[in-house]
Amino acid sequence: MIYVSKVVKGSKITCIYLAILASLLVISSLGVPTAQAAVDLSLPNWSTAGYKGGQSLPTTGTIIDLTTKGITASDGVDDSNALQQVINDIRSGVLKANGQVISESNRAILKLPLGQIDFNKQIRVDASYITIQGAGNDPITGTNIVFKPAVTYSEDPANPGAPLIDGKLWPGYAAFRVEDRTKHASDQTYEGSINFHWLSGQRVATSGGGTKGSTHVKVASGKGSTFQVGNTVYVGAANTVPFYDQMQGPQQYRYNGHMRTQMFTVVSISGDTLTLDKPLEFDVPFSNGGLLPADPGGSNSIYYSKVMKVTAVKGVGFEDFYFTQDISYTPYATTINANDYDAVTNPGGVGLKYKNEALEYAVHGILFKWSQDGWVKGIRTYMTGSHPIVTEFAKNMEIRNNIIFGSWNKGKGGHGYVRGSKLYDSKIIGNTIDRVRHLTLQWSATGNVVQQNTLTTDMNLHGGWERRNLIEQNTITIPFEHSSWGEGEGGQDVLEGTWYPIWYGAGLHATKWSGSTGEQNVFFNNTMSKQETKDGPYVSYAPYNQLTAIYQMGWDGSGWSHLQKPSGTFINTWGSNEKSDFSTSPNKGVYACLAYTGMSLLETGTATNTCTSTDTEAPTAPTNLIATPISSSQINLSWMAATDNVAVTGYEVYRGGVLVGEVTGTSYSDISLSANTSYSYSVKAKDADGNVSLWSNTAQATTQAGGGNGTIVLLSPTDDSYVQENKQMNNYGNTTTMAVKTDISQNRYSLLKFNLSSLTGTITNAKLRIYGSSSSTTTLNASEIADSWSEATLTWNNKPATGISVGSVAMNTITTYYEIDVTAYVIAQTAGDDMASFILSESAGKYTTFNTSENTLNRPELIITN
């Protein structure tokens, strides 16, 4: 059993780690396999992860005794200026080692003394090839760094309960900030490479910068000469409409940016073509084509892919000290403490409470930004202000054998993580991480190895197209209290339920603030459990708990796949789907056909394919295919289900022998057809192994000539959009989807308007038909509203008042058409102004999304029988 103690304002707080953390006793002798090629050629190669592409961390250097530089232990004096001066002198070349400027071959070890060292200011660690080294991580017998930040935040008025962080310093202040201080000549406000989006870097060639799998990237004509061999470069691919379409991202959440990024070393240059040390993991288009806005919901603008030369701080290490952020001098000294929250016995506890409890002091511990070949090894943190360790554009890093405990701020806005953001080809190995919000890989993090860690926090694939990461041999034990505390990721909507050992960025929830998790994130040989009831037992977390199975998330065996439940239906959010098995039919999104009996995928063994040719039997052909004309532009199909020796996973629908759609159910609506035209249809069934049935029978139908005369008439909306309460001035009239959700302060309503003036004869039935799904079971309700609105100008503030209900329908997670009988209301409107307007709400606070008339498929409609 490990005990971690800290004296805060005279009272001793003792934090007792769970017995499962006893593995920490052997952490100093922890053996980590040498990085080698993975056990199957289809897996990513993680051999270049870690310091300098997999080399051992440096252990030697010239020791600079910081007691000779004005740093005195245990004197209560702020030593920030003294340490900063040492770093400044190394950076400028004034302070040397062995008479030589400090360099990769002439490293310096800045040696901190025994005892307590006080820091009040952010230290800019921007001199390369230095190690800040303590005398041990025990706060009594080693080096105890106590940080009391002099600079504080204010509350973000746009995000109450979260700190207002200056964008120039994103992701915020830190006790130790590893980032270059150089300023761009055209903007002296921003330091380092932060301003690359608008001032730095080169556009790629007009034909595009490169293709996935290539080691070449081409920059604009004549710009190759601005780079040199050995440069560290950033490659960012512009977000594009096809990229968002791939994720099925709603229109209102699409915006300009470089969601897909990598950092490389240039190994050669030929004209304007750079050869990189690793292959590109994505295509690099010239631009977004001017088809996306700078901000969600704004006006479209051109945004370019770029290659940027990075001024990276290299070879900076932190070793062997204890670090805590002291709040004993703040107004929170007597109101909060590091122990676990209990409403009766300890209402001030923050240990398993995910709120920002001292938001003015949400300062990180160690921050690496635009850094390379750095590390944090053998340190112990206790109650940092926000993230104990955080990266933001960092390559070949190592976070190894550290003990991380707690954060004062773990709430909205993204606080209190061990955060691997834009982290490339790095290792997080052998750490014990407790009482923080998440261990994350996010925002295009790729090529990382997360191995042999002991966690009481979830392994969090946080969104932003992170990909090709290996998570193996970790022990993840999640307390019941590890859950949402009434606020969502990024300060957005409330998450549902308690959190499990894995969290995954998926669906509408992820798309609105980061985009989905990317391809081929691999889980292997992890021991995971969850306390599913308060004070209850810990139970093994399924379904990803088979120790020999290689679970490739976001992968179908050959390319990226969203999580689908069932196949063909994207999930809206990971919440409530944590225990769904996406590796087995009828679900999709996790590929688990490879198995390995060894301990690590970095070994030299060989995996076996457990899915090879196990099912060669095709499903039976669908039968009784019927085609029914619905209107002048729509024909509905239905058929009897096929059977299979394992399971039928879906159906392919053909019109005139051409594939027009794929569905998981036994019906299909073919829309946008020509009036008074005959069409021929057939259907095939398929299973999970790609076996396809013979043709069904052929069914023919002819679309109607038009409305009236005792026929069915289909009307499309003249206007459809939605409004959102916490974005009261936003207009979503040009979006392809609309949302409905009942939620405190964040209600969303969808509105539709139909012109009825073309109808003739007596109406016998009217159905409002909308295509979409909900994150869980709910009741969708349609109410009447005034017609005094248009999709071009509709906002929350000017929406019409909701009238009486005119119909409802039960909804669930299946993406399909849902029909509401609105006959009485439509008849009444034809006797009035010949306009029918509806506002949609739902009953259970679920994510509910529908297609709009701007969508290319499955648009809303009003079906009239007259």
Side-chain angles (χ1 to χ4, degrees), residues 51 80-81 83-92 102 104 108 110 119 121-132 147 149 151 153 163 165-201 231-234 236 258 261-263 265 308-318 323 362-376 384-399 414 417-426 442-445:
Y51 174 78
S80 304
N81 290 340
L83 179 56
Q84 188 65 71
Q85 190 60 54
V86 170
I87 294 170
N88 291 350
D89 288 346
I90 292 174
R91 187 171 183 265
S92 66
I102 290 165
E104 185 173 9
L110 309 187
F119 291 137
K121 301 173 186 175
Q122 175 175 259
I123 306 295
R124 301 302 299 264
V125 188
D126 57 351
S128 293
Y129 309 117
I130 63 173
T131 303
I132 297 179
F147 183 57
V151 177
Y153 298 110
I165 294 176
D166 188 340
K168 295 188 294 295
L169 289 167
W170 178 258
Y173 289 106
F176 297 101
R177 185 181 196 87
V178 184
E179 181 189 16
D180 185 67
R181 276 180 280 176
T182 303
K183 296 183 178 182
H184 195 283
S186 299
D187 190 335
Q188 293 295 296
T189 303
Y190 290 84
E191 295 180 344
S193 300
I194 180 66
N195 53 6
F196 76 94
H197 282 295
W198 55 94
L199 290 175
S200 300
N231 282 162
T232 298
V233 295
Y234 158 97
H258 295 157
T261 64
Q262 264 181 283
M263 286 173 65
T265 300
M308 181 186 70
K309 184 167 59 178
V310 174
T311 306
V313 179
K314 296 184 177 181
V316 171
F318 297 87
F323 175 90
V363 180
H364 311 307
I366 299 173
L367 164 65
F368 291 95
K369 186 166 184 179
W370 299 113
S371 302
Q372 189 170 350
D373 300 324
W375 69 92
V376 183
T384 48
S386 182
H387 304 314
I389 302 172
V390 53
T391 68
E392 190 80 7
F393 296 107
K395 176 177 169 63
N396 294 114
M397 311 297 291
E398 295 205 13
I399 300 172
Y417 307 176
V418 174
R419 181 171 182 252
S421 176
K422 305 178 183 75
L423 179 66
Y424 314 103
D425 307 315
S426 298
Q442 63 184 123
W443 289 113
S444 217

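We're numbering straight along the sequence, starting at 1.
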Item to check | Donor-acceptor contact present, side-chain Gln122 to main-chain Ala174, <3.5 Å | outcome: yes

Checklist entry - Do the rings of Tyr153 and Tyr173 sit parallel, tilted or perpendicular, given the 30° and 60° boundaries? => result tilted

Item to check | Between CD on residue Gln262 and CG on residue Asp425, distance to nearest 0.5 Å | outcome: 7.5 Å

Item to check | Gap between atom CD of Gln84 and atom CZ of Phe119 - 0.5 Å precision | outcome: 10.0 Å

Next on the checklist: Please check this pair: side chain of Ser371 against backbone of Val178, looking for a donor-acceptor N/O pair closer than 3.5 Å.
Outcome noted: yes

Checklist entry - So, for Pro171 and Val390, which heavy atoms are closest and what is the spacing to 0.1 Å? => result CG-CG2, 4.1 Å

Checklist outcome for this item: So CZ of Phe147 and CD1 of Ile123: to nearest 0.5 Å the spacing works out to 8.0 Å

Item to check | Met308 side, atom CE; Thr261 side, atom OG1 - distance, nearest 0.5 Å | outcome: 10.0 Å

Checklist entry - Is His387 reaching over with its side chain to a backbone N or O of Tyr417, donor-acceptor style, under 3.5 angstrom? => result yes

Next on the checklist: So which atom in Ser92 and which in Asp89 form the shortest heavy-atom distance, rounded to 0.1 Å?
Outcome noted: OG-O, 3.2 Å

Checklist outcome for this item: Shortest non-hydrogen pair, Gly420 vs Ala445, comes out as O-CB, 3.6 Å

Item to check | Residues that Glu398 engages under salt bridge (charged side-chain N to carboxylate O under 4.0 Å, His left out), provided they are two or more places apart | outcome: Arg400

Item to check | side-chain contact (heavy atoms from CB on, under 4.5 Å) assessment of Leu110 paired with Ile90 | outcome: CA-CA 11 Å; Leu110 309 187; Ile90 292 174; 3.8 Å; yes

Checklist outcome for this item: Closest heavy-atom pair, Ser426 versus Asn396, reported as atoms and distance to 0.1 Å, is OG-N, 3.3 Å

Item to check | side-chain contact (heavy atoms from CB on, under 4.5 Å) assessment of Arg181 paired with Arg91 | outcome: CA-CA 11 Å; Arg181 276 180 280 176; Arg91 187 171 183 265; 4.1 Å; yes

Checklist entry - Can Asp126 and Lys369 be counted as an ion pair, charged N to O under 4.0 angstrom? => result no

Checklist entry - How would you list, by chain and number, every residue that makes a salt bridge (charged side-chain N to carboxylate O under 4.0 Å, His left out) with Arg177, sequence neighbours excluded? => result Glu179

Item to check | Flag, side chain of Ser386 to backbone of Ala362, donor-acceptor distance under 3.5 Å | outcome: no

Next on the checklist: Minimum heavy-atom separation for Leu83 and Phe176, please, with both atom names.
Outcome noted: CD2-CE2, 4.1 Å

Checklist entry - Atom CG in Leu367, atom CG in Leu169: separation rounded to 0.5 Å? => result 9.5 Å

Checklist entry - Is there a side-chain contact (heavy atoms from CB on, under 4.5 Å) between Lys395 and Val310 once you walk through the steps? => result CA-CA 11 Å; Lys395 176 177 169 63; Val310 174; over 6 Å; no

Checklist entry - Who passes salt bridge (charged side-chain N to carboxylate O under 4.0 Å, His left out) against Lys422, sequence neighbours left out? => result Glu392

Checklist entry - Excluding sequence neighbours, so at least two apart, what forms ring pair (Phe, Tyr, Trp, His ring centres under 6.0 Å) with Phe323? => result none

Next on the checklist: Classify the ring geometry of Trp370 against Tyr234: parallel below 30°, tilted from 30° to 60°, perpendicular beyond 60°.
Outcome noted: perpendicular

Checklist entry - If you draw a 6.0 Å radius around NZ in Lys121, do more than 12 non-hydrogen atoms from other residues or ligands fall strictly inside? => result no

Item to check | Contacts of type salt bridge (charged side-chain N to carboxylate O under 4.0 Å, His left out), residue Asp373, not counting sequence neighbours | outcome: none

Next on the checklist: Using only atom types and a distance under 3.5 Å, with no angle test, would you say the side chain of Thr391 pairs donor to acceptor with the backbone of Ser421?
Outcome noted: yes

Next on the checklist: I'd like to check the ring pair (Phe, Tyr, Trp, His ring centres under 6.0 Å) partners of Tyr51; sequence neighbours left out, ordered by chain and number.
Outcome noted: Trp375

Item to check | Considering all heavy atoms, the nearest Arg124-Asp180 contact | outcome: NH2-O, 3.9 Å

Next on the checklist: Could you measure the distance from the CD1 atom of Ile130 to the CZ atom of Phe318? Nearest 0.5 Å is fine.
Outcome noted: 7.5 Å

Checklist entry - Could you walk me through whether Phe368 and Val376 pass the side-chain contact (heavy atoms from CB on, under 4.5 Å) check? => result CA-CA 10 Å; Phe368 291 95; Val376 183; 3.5 Å; yes

